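Below is one structure, written out as structure tokens; the observations come after it.
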Amino acid sequence: MGNVTEFESIIDQLLKDIMPLYEQLHAYVRGRLCSKYENRFDCDGPIPAHILGNMWAQTWHDRLDDVIPYSDAPLINITKVLIEKKFSIHQLYTMGESFFTSIGLYPMTPKFWARSMFKKPIDRNVVCHASASDMGYHDDFRVKICTEIDDDYFYTVHHEMGHIEYYMAYSKKQPFVYRSGANSGFHEAIGDTIGMFAISPAHLIKLGFLDEENVNSHYEINYLFRLALQKIAFLPFSYVMDKYRFLLFRNEIDRKHELNSKWWALRIEYGGIMAGAPRNDKKNFDAGAKYHIPSNVPYLRYFIAHILQFQFYRGMCRLQGVTKRLHMCDIYGNKHVGEKFKEMLGMGASKSWSEILENFTGENKLESQAMLDFFQPLYNWLKMENLARGYPVGWM
Ligand code: X8Z
Ligand code: ZN
């Protein structure tokens with residue numbers, strides 16, 4: 001393994017655990033896109049990054065319509081519903097807030113509403129990458145999001161409010177030194193966990209967005225598939241973001257001759273994703289197009305958060321007494337679950353993260369099994385379907 005820390009080997013193992021599922025997902029998506037774009041790329045090689053619906057190919061759910069498993073059970077289109085119901089940006093935030101308060105977490109503070117930036121300003125340039133800030137003074141917590149009315153922002157609102165909930169909880173309960181997340185992965189996982197409940201079929205039925213009669217076994221596979229395009233596809237990407245930087249900072253990348261090609265070599269090796277156009281090591285620096293690289297924000301926190309949010313999610317469903325078909329569980333309004341969650345948030349960094357995790361979920365380690373359990377029905381389906389369609393698995 002060479003120059004690898006214990007931390008890196010834990011991350012390596014988590015990625016390895018998820019890889020069989022990732023490879024099946026990759027094979028299916030590639031197979032479908034390969035028939036759509038006949039003879040445009042190799043059906044047994046890496047997928048070109050530019051056809052996956054996201055500028056960095058870090059999530060693929062924006063291509064759902066073209067790769068959906070069952071077209072007879074289309075998923076409810078949250079963007080369409082929000083537009084039809086004439087949702088305002090403000091309503092996206094009050095809806096997000098209501099999920100948190102329904103389980104007994106904190107409402108946003110007056111300064112949150114007064115001082116946040118919810119919209120892209122027209123009179124000046126701003127950094128639009130979404131963020132949440134703890135100003136550290138008199139209930140001053142803010143988000144900065146160039147919100148648009150669509151499903152991705154619906155999710156991002158929950159993500160950023162998760163940061164705010166964490167800030168509020170540990171600010172109230174902890175002395176200054178412990179006012180931070182148990183680790184940075186925890187911070188990134190809070191809002192994502194709640195966001196997953198918010199977009200679950202069970203919750204969309206409650207909101208009146210989705211008709212219960214439309215949810216059948218095809219719908220459920222489509223839903224799991226959609227979430228895998230968002231959550232499973234993300235793992236190799238987030239892994240490579242910091243693998244690349246670790247190599248670079250250890251002087252294991254030749255800056256003159258492979259600053260860009262090494263980035264793509266890693267994306268191919270770990271994710272089976274290749275550049276969409278010819279690249280040039282003298283002219284291109286593609287990693288730099290991702291916000292967190294020039295802003296020097298570590299990225300493994302998101303990898304960890306993606307593993308962790310399924311542990312939180314499973315833990316919350318268990319507290320509610322749900323152990324099967326986890327994708328159909330919704331903890332909206334459950335104060336008992338909320339109380340345990342709030343307790344975890346309130347602990348901030350006053351104990352080690354593994355103790356805090358154990359107190360909430362009963363597990364004291366990062367465990368890929370929660371994510372694998374969640375996607376088990378999809379994994380079985382993908383294996384069968386790839387076999388039946390003759391889609392190869394893996395990439396040359
Ligand atoms: O950067 C973010 C958040 C701010 S902490 C919007 N995320 C990563 C990204 O956009 O690349 C959330 C998921 C991954
Ligand atoms: Zn975040």
Side-chain angles (χ1 to χ4, degrees), residues 7 9-22 99-100 103 105 155 158-159 162-163 165-166 169-170 180-200 202-203 224 227-228 230-235 238-239 299-332 334 336-349 351-379:
F7 175 60
S9 52
I10 291 171
I11 301 293
D12 286 351
Q13 186 56 48
L14 292 167
L15 184 67
K16 259 191 209 129
D17 297 344
I18 306 288
M19 227 41 204
L21 171 56
Y22 178 83
F99 202 114
F100 289 99
I103 59 170
L105 297 191
Y155 197 76
H158 289 84
H159 175 93
H163 287 304
E165 288 290 343
Y166 213 172
Y170 57 62
S180 63
N183 66 39
S184 49
F186 273 60
H187 233 303
E188 298 304 337
I190 304 303
D192 273 15
T193 309
I194 299 300
M196 282 204 290
F197 288 114
I199 61 168
S200 71
H203 190 65
L224 287 175
L227 205 62
Q230 185 179 353
K231 299 293 178 186
I232 301 294
F234 182 74
L235 290 173
S238 46
Y239 178 88
Y299 211 80
L300 275 173
R301 60 186 56 183
Y302 302 106
F303 178 98
I304 290 168
H306 275 58
I307 300 291
L308 205 48
Q309 65 194 253
F310 284 88
Q311 292 182 254
F312 291 164
Y313 186 104
R314 182 173 69 172
M316 288 164 114
C317 295
R318 278 182 182 155
L319 282 173
Q320 176 150 286
V322 178
T323 54
K324 286 197 197 96
R325 288 172 77 229
L326 290 174
H327 57 283
M328 292 305 287
C329 131
D330 174 24
I331 54 104
Y332 183 87
N334 190 324
H336 165 64
V337 173
E339 203 177 312
K340 286 284 285 183
F341 198 47
K342 194 173 179 178
E343 184 185 292
M344 177 172 83
L345 302 186
M347 286 164 92
K351 289 203 163 70
S352 74
W353 68 264
S354 54
E355 271 178 89
I356 293 176
L357 180 63
E358 185 166 23
N359 186 48
F360 185 57
T361 65
E363 301 139 12
N364 63 3
K365 285 189 183 62
L366 289 169
E367 279 180 18
S368 49
Q369 199 55 44
M371 195 174 205
L372 294 174
D373 281 355
F374 185 96
F375 287 110
Q376 186 67 44
L378 178 70
Y379 182 55

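The shown structure was predicted, so the numbers you read here are calculated from the model rather than taken from an experiment.
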Going from [atom1] on [X] to [atom2] on [Y], what distance comes out if it is rounded to the nearest 0.5 angstrom?
X: Ser200; Y: Met328; atom1: OG; atom2: CE; result: 7.5 Å
X: Ser184; Y: Tyr299; atom1: OG; atom2: OH; result: 13.0 Å
X: Leu227; Y: Ile199; atom1: CG; atom2: CD1; result: 5.5 Å
X: Phe374; Y: Tyr313; atom1: CZ; atom2: OH; result: 4.5 Å
X: Lys16; Y: Ile11; atom1: NZ; atom2: CD1; result: 12.5 Å
X: Glu367; Y: Leu14; atom1: CD; atom2: CG; result: 9.5 Å

**Report entry** salt bridge (charged side-chain N to carboxylate O under 4.0 Å, His left out) against Asp373, all qualifying residues, sequence neighbours excluded
**Finding:**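 Applying salt bridge (charged side-chain N to carboxylate O under 4.0 Å, His left out) to Asp373 gives Arg314.
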Mind listing the closest non-hydrogen atom pair of [X] and [Y] along with its distance?
X: His306; Y: Asp192; answer: CE1-OD2, 3.9 Å
X: Phe99; Y: Ile331; answer: CE2-CD1, 3.9 Å
X: Leu326; Y: Cys317; answer: CD2-CB, 3.8 Å
X: His158; Y: Phe100; answer: O-CZ, 3.8 Å
X: Gly338; Y: Leu105; answer: O-CD2, 3.9 Å
X: Ile190; Y: Phe312; answer: CD1-CE1, 3.9 Å

Find out whether [X] and [Y] are in side-chain contact, i.e. whether some heavy atom of one side chain is under 4.5 Å from a heavy atom of the other.
X: Leu235; Y: Tyr22; value: no
X: Lys231; Y: Phe310; value: yes
X: Leu366; Y: Phe303; value: no
X: Ile304; Y: Phe7; value: yes
X: Gln311; Y: Leu357; value: yes
X: Phe360; Y: Met316; value: yes
X: Ile10; Y: Lys365; value: no

**Report entry** Check: Val337 main-chain N/O paired with Gln320 side-chain donor or acceptor under 3.5 Å
**Finding:**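 No, because the side chain of Gln320 does not come within donor-acceptor range (under 3.5 Å) of the backbone of Val337.
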Requested in this report: For the pair Thr361 (side chain) and Glu358 (backbone), establish whether a donor and an acceptor sit closer than 3.5 Å, ignoring hydrogens and angles.
Outcome: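 Side chain of Thr361 to backbone of Glu358, a donor-acceptor pair under 3.5 Å: no, none is there.
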**Report entry** Criterion side-chain contact (heavy atoms from CB on, under 4.5 Å) on Met371 and Ile232, from CA distance to verdict
**Finding:** CA-CA 9 Å; Met371 195 174 205; Ile232 301 294; 3.6 Å; yes
May I have the list of side-chain donor-acceptor pairs in residues 339-348 shorter than 3.5 Å, sequence neighbours left out?
residue: Lys340; atom: NZ; partner: Asn359; partner atom: O; Å: 3.2
residue: Lys342; atom: NZ; partner: Gly104; partner atom: O; Å: 3.0
residue: Glu343; atom: OE2; partner: Asn359; partner atom: ND2; Å: 2.8

Report task. Verify side-chain contact (heavy atoms from CB on, under 4.5 Å) between Arg318 and Thr323, making sure each step is shown before the conclusion. Result -> CA-CA 6 Å; Arg318 278 182 182 155; Thr323 54; 4.3 Å; yes
Report task. Apply ring-ring contact (aromatic ring centres under 6.0 Å, His included) to Tyr239 and list each qualifying residue two or more places apart in sequence or on a separate chain. Result ->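 Testing Tyr239 for ring-ring contact (aromatic ring centres under 6.0 Å, His included), a comparison that skips the adjacent residues, returns Tyr270.
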Report task. With sequence neighbours excluded, tell me which residues meet ring-ring contact (aromatic ring centres under 6.0 Å, His included) with Tyr155. Result ->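 None.
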Query raised in the report: Can the ring centroids of Tyr170 and Tyr166 be said to lie less than 6.0 angstrom from one another?
Result: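 Close enough - the centres of the two rings lie under 6.0 Å apart.
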Report task. Could you tell me if the ring centre of Phe197 sits under 6.0 Å from that of Tyr332? Result ->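 Between Tyr332 and Phe197, which both carry aromatic rings, the centre distance is not below 6.0 Å.
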Query raised in the report: Got a sec, which pairs hit salt bridge (charged side-chain N to carboxylate O under 4.0 Å, His left out) with one end in residues 302-313, sequence neighbours left out?
Result: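 Every candidate salt bridge (charged side-chain N to carboxylate O under 4.0 Å, His left out) pair involving residues 302-313 fails, so no pair, neighbours aside, qualifies.
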Requested in this report: Report the relative orientation of the aromatic rings in His159 and His163; use parallel for angles under 30°, tilted for 30 to 60°, perpendicular for over 60°.
Outcome: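 Correct class here is perpendicular.
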Query raised in the report: Does His203 have any side-chain hydrogen bond (donor to acceptor under 3.5 Å, both in side chains) partners at least two apart in sequence or in another chain, and if so, which?
Result: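 side-chain hydrogen bond (donor to acceptor under 3.5 Å, both in side chains) list for His203, sorted by chain: Asp330.
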